[in-house]
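The structure appears right after this line, and notes come after that.
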Amino acid sequence: MAELTIQNALKAQVQYPLPADFFTATLMKRGLNGDDECTKEVLDSPQFTGAHADCLKQVIIYPNSISQGGISISKTDRSSLINIANRLYQSIGEEGIDERPKITFY
């Protein structure tokens, strides 16, 4: 049986067609090598959990995320994704995302 890479495990968790380079960069930012074999320890790690939350956040804000690859995201789906991402962030002690975008005036 072929080994499951960390990047493929992350893609399986997200199940949304984000660019491959985004998954690679997200894993690198979290200190993981996407080409390494995925283990239970990796799946349970704060680094993988953070990468999963980062990907969900990107799905929410991705400009083409309303309907792509046969997947559509409704307002209810968007709220659910925000809740899931926030639970993941909270589980690793990081600040969640806000449903309302923050506007900064200069």
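Values below: every heavy atom of this structure, side chains too, minus hydrogens, waters and symmetry copies.
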If I compare all heavy atoms of Gly34 with all of Leu27, which pair ends up nearest, and what's the gap?
CA-CD1, 3.7 Å
Which atoms form the tightest heavy-atom contact between Leu43 and Ala9, and what is the distance?
CD2-CB, 4.2 Å
For a side-chain contact (heavy atoms from CB on, under 4.5 Å) check, start with the C-alpha distance between Ile82 and Arg78, then their side-chain angles and the critical distance, and finish with the verdict.
CA-CA 6 Å; Ile82 290 171; Arg78 186 176 181 278; 3.7 Å; yes
Heavy-atom check, side chain of Leu18 versus side chain of Val59, under 4.5 Å:
yes
Residue among Asn86, Ile97, Ile84 satisfying side-chain contact (heavy atoms from CB on, under 4.5 Å) with Leu56:
Ile84
NZ on Lys40 to CG on Asp44, rounded to 0.5 Å
3.5 Å
Check the pair Phe48, Gln13 against side-chain contact (heavy atoms from CB on, under 4.5 Å), reporting the backbone distance first and the verdict last.
CA-CA 10 Å; Phe48 187 85; Gln13 288 288 319; 4.0 Å; yes
Sub-4.5 Å side-chain heavy-atom contact between Phe23 and Lys11:
yes
Donor-acceptor pair between Gln7 and Thr24 side chains, under 3.5 angstrom
yes
Closest heavy-atom contact between Ala53 and Leu88?
CB-CB, 3.8 Å
Heavy-atom nearest pair, Glu37 first then Ile6, reads O-CG1, 3.9 Å
In Å and rounded to the nearest 0.5 Å, what is the OH to CD1 distance from Tyr16 to Ile60?
11.5 Å
Is there a donor-acceptor pair closer than 3.5 Å between any side-chain N or O of Asp54 and the backbone N or O of Thr26?
no
Tell me if a side-chain donor or acceptor on Thr49 pairs with a main-chain N or O of Pro46 at a distance below 3.5 Å.
no
Minimum heavy-atom distance between Asp35 and Asn33, given as atom pair plus value
N-OD1, 2.9 Å
Looking at every heavy atom in both Leu10 and Cys55, which two are closest together, and how far apart are they?
CD2-SG, 3.8 Å
I'd like to know if the side chain of Ser80 pairs up with that of Asn83 as donor and acceptor (distance under 3.5 Å, no hydrogens or angles considered).
no
Between CD1 of Ile92 and CZ of Arg87, what distance do you get to the nearest 0.5 Å?
14.0 Å
Step by step, work out the side-chain contact (heavy atoms from CB on, under 4.5 Å) result for Gln58 and Phe22.
CA-CA 9 Å; Gln58 185 66 16; Phe22 179 80; 3.4 Å; yes
Does a salt bridge link Arg30 with Glu94, judged by any charged N lying under 4.0 Å from a carboxylate O?
yes
